[in-house]
Asks: 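Below: one structure in structure tokens.
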Amino acid sequence: MAAASSATTVPSLDKVDFLKLQNGSDIRGVAVAGVEGEPVSLTEPVTEAIAAAFAAWLLDKKKADTSRQLRVSIGHDSRISAQLLQDAVSRGIASAGLDVVQYGLASTPAMFNSTLTKDDAFLCPVDGAIMITASHLPYNRNGFKFFTNAGGLGKTDIKDILERAANIYSIFLAEGYSVKKASASLKKVDYMSVYTSDLVKAVRKAAGNIEKPLDGFHIIVDAGNGAGGFFAAKVLEHLGAITAGSQFLEPDGMFPNHIPNPEDKAAMKAITQAVLDNKADLGIIFDTDVDRSAAVDSTGRELNRNRLIALMSAIVLEEHPGTTIVTDSVTSDGLTSFIEKKLGGKHHRFKRGYKNVIDEAIRLNSVGKESHLAIETSGHGALKENHWLDDGAYLMVKLLNKLASARASGRGDGSKVLTDLVDSLEEPAFAVELRLKINQSHPDLKGGSFRDYGEVVLKHLDNHIASDPKLQKAPVNYEGVRVSGYGGWFLLRLSLHDPVLPLNIETPSHEDAVKLGLEVAAAVKEFQALDTSALDKFVQP
Ligand SMILES: O=P(O)(O)OC[C@H]1O[C@H](O)[C@H](O)[C@@H](O)[C@@H]1O
């Protein structure tokens, strides 16, 4: 079968700054026209060039290890631009002579998994995988994540791919671009059935090989119209659970109900309400591409952010006593004492970014410091037992295992077994995140980058803190400036991607948070390019 259509329309080619499409270890851009000020950057030729560049990169990496033709799997989330981009990606891969295997609607973790699965019938393992997604971003965006069996590609490889893509695109500019029929092979495979059956097997195995370990449990899924709807019918129901009342399972790239994002307040409210209305045992919510998740217990208590980390830590530390839990930088002090004092583990609070925490856990293991869990407050999480695969669905499988095994051992009280595990987690009475923007066109940047400017702000804050006896700098810290005071803490750091300094504050009261906020405000007031309006509003009497 030929890859792609034989249409010969010639989209007009604009000059493109490929490196601007890099977003950490992902590629992100605008794929749908119509939003003011957001011109389309992921056009068909740009996408085709990026896919061809990934193919060339993969050929360089893998040529020596395999005698057969390399193959690449392609999946996508529910976005309205998915089909167009999938076709362009397929053409790019095929133009480099690699085989294309299309999975259709898929989750990001399933794509990584396809590089590990050994099953000829499903053309697995693939040599490389591409997920077309922009996670929880608005409907007009889209992007790509790339995987090999070594995991997700990192920043350096993404930069390499974008540089190669720019060269390929310059050939399109010179020679003209047309949507060509490619000669390499294209197949469609229902890989999600392999991935979901792996999840089902994992729960059955943990329950002692019981066919329906969730028999009678009522569990509600909210997929936010992303790609996660499969979890209800293909995972939970196979395990015996009732999923009536599950919502927003149908893919709809306009996301008409709420943003598929477990960090979003409206999204958490929607799943909580569904659990209470249906008197369900548990609620589960995913982001668009199912690499992030959160849960809600039967009383409507949210199990997300620090609470989800605490819960996963409790489960993992039962299995691996004393192990190190790697988390992102905005985790609470209460979480540290919970992991270290209550659970007897070690808390390694590292940097923000799922790739950062996963890579750090892998590094710790490589230097002999055992770690089994890397997890972010955003709902991203990966376990050593699951190949460090960043997988929101697998996190939920670990909770399901706990429900099933508790019942098998005579505890029939549903999600209380989960809630009880995090009972003694100390939680701040007040928590806030304020995002302070750096105005990139301000003359104070003097042509430098927002990152350099942000670093100067942080250095200045650091000096200010040193001279203030009411505040203590965190003795170990990997990102930004983290400070204790007024019974709580704050962290000011550079955003991973945006010209923004996010400020997190957690304190015993709103009043204490204002006191910490005033300290930060005083330290940064001379930085004219920093928009402190969110902070100024917060500290106003
Ligand atoms: O640094 P921020 O702007 O707060 O963004 C941080 C977040 O960026 C992306 O969404 C990553 O996928 C997350 O892993 C990370 O937590």
Side-chain angles (χ1 to χ4, degrees), residues 21-29 77 107-109 111-112 131-138 141-147 151-155 158 224 226 259-264 267 286-294 304-306 308-309 312 326-332 335 349-362 373-382 388-392 395 431-438 440 449-451 454-455 457-458 477-482 490-506 530-531 534:
L21 297 171
Q22 176 154 14
N23 190 301
S25 51
D26 300 337
I27 289 176
R28 297 244 170 109
D77 69 17
S107 72
T108 294
M111 298 314 294
F112 176 23
M131 178 67 181
I132 304 171
T133 182
S135 195
H136 59 284
L137 294 184
R141 316 289 178 81
N142 217 329
F144 311 108
K145 292 180 192 249
F146 302 92
F147 301 93
L153 268 57
K155 278 185 191 167
I158 297 297
I259 300 167
N261 179 1
E263 281 192 294
D264 182 72
F286 296 114
D287 74 340
T288 320
D289 57 325
V290 202
D291 52 9
R292 298 193 285 133
S293 61
N304 65 347
R305 299 188 56 79
N306 284 292
L308 180 63
I309 300 179
M312 286 301 302
V326 180
T327 74
D328 65 321
S329 55
V330 307
T331 43
S332 66
L335 181 71
R349 182 185 291 116
F350 194 54
K351 298 178 186 171
R352 189 90 168 133
Y354 68 93
K355 184 94 177 101
N356 287 333
V357 288
I358 293 172
D359 288 350
E360 178 67 358
I362 294 171
L373 175 64
I375 184 165
E376 261 203 313
T377 40
S378 62
H380 279 284
W388 291 117
L389 180 61
D390 175 37
D391 190 348
L395 289 187
V432 69
E433 178 171 295
L434 304 166
R435 295 180 73 89
L436 315 183
K437 291 197 185 104
I438 297 171
Q440 293 187 82
S449 73
F450 73 81
R451 287 193 183 280
E455 292 296 353
V457 176
L458 292 173
N477 187 37
Y478 295 90
E479 183 177 45
V481 180
R482 185 170 173 128
F490 75 77
L491 171 71
L492 187 72
R493 68 181 172 94
L494 257 162
S495 155
L496 242 50
H497 324 285
D498 304 327
V500 164
L501 291 173
L503 172 66
N504 289 80
I505 307 179
E506 290 192 3
L530 188 66
D531 174 0

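Just follow the structure's listing: the first ligand is 1, and inside any ligand the first atom is 1. This is a predicted model, so every value here is computed, not measured. Because only heavy atoms are used, hydrogens play no part in the values below, and waters and symmetry mates are left out as well, while side chains stay in.
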Asks: List ligand 1 atoms under 4.0 Å from H380, heavy atoms only on the residue side.
Replies: 12 (O), 14 (O)

Asks: Any salt bridge linking R292 with D287? Criterion: basic side-chain nitrogen under 4.0 Å from a carboxylate oxygen.
Replies: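 Salt bridge flag = yes for D287 with R292.
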
Asks: Could a heavy atom of K355 be found less than 4.0 Å from some atom of ligand 1?
Replies: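 Distance cut 4.0 Å: K355 fails for ligand 1.
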
Asks: Using distance alone, with no hydrogens and no angle criterion, decide if H497 and R28 have a side-chain donor and acceptor under 3.5 Å apart.
Replies: no

Asks: For the side chain to side chain contact (heavy atoms under 4.5 Å, CB included) test, which of L153, N142, L21 pairs with I27?
Replies: L21

Asks: For a side chain to side chain contact (heavy atoms under 4.5 Å, CB included) with I375, tell me which candidate from I309, D328, I358 qualifies.
Replies: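 So the option named by the test is I309.
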
Asks: Hey, does L496 come in under 3.5 Å of ligand 1, counting only N/O atoms on both sides?
Replies: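 Indeed, backbone or side chain, L496 has an N or O that close.
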
Asks: Would you say that more than 12 heavy atoms from the other residues, nucleotides or ligands in this model lie under 6.0 Å from the CD1 of I259, or not?
Replies: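 At most 12 heavy atoms, drawn from other residues, nucleotides or ligands, come within 6.0 Å of this atom.
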
Asks: Geometry only, no angles: is R435 polar-contacting ligand 1 at N/O separations under 3.5 Å?
Replies: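 For ligand 1, there is an N or O atom that lies under 3.5 Å from one belonging to R435.
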
Asks: With respect to S495, which candidate in R451, R352, R435, K437 satisfies the side chain to side chain contact (heavy atoms under 4.5 Å, CB included) definition?
Replies: R435

Asks: For atom 16 (O) of ligand 1, what's the nearest protein heavy-atom neighbour? Residue, atom name and distance, please.
Replies: E376 OE2, 2.6 Å

Asks: Identify the protein heavy atom lying closest to atom 4 (O) of ligand 1, giving its residue, its atom name and the separation to 0.1 Å.
Replies: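 Protein heavy atom at minimum distance: R493 NH2, 2.7 Å.
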
Asks: Among all protein non-hydrogen atoms, which one is nearest to atom 9 (C) of ligand 1, and what is the separation to 0.1 Å?
Replies: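 Result: H497 NE2, 3.2 Å.
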
Asks: Go through ligand 1 atom by atom and flag the ones less than 4.0 Å from a non-hydrogen atom of R352.
Replies: 4 (O), 6 (C), 16 (O)

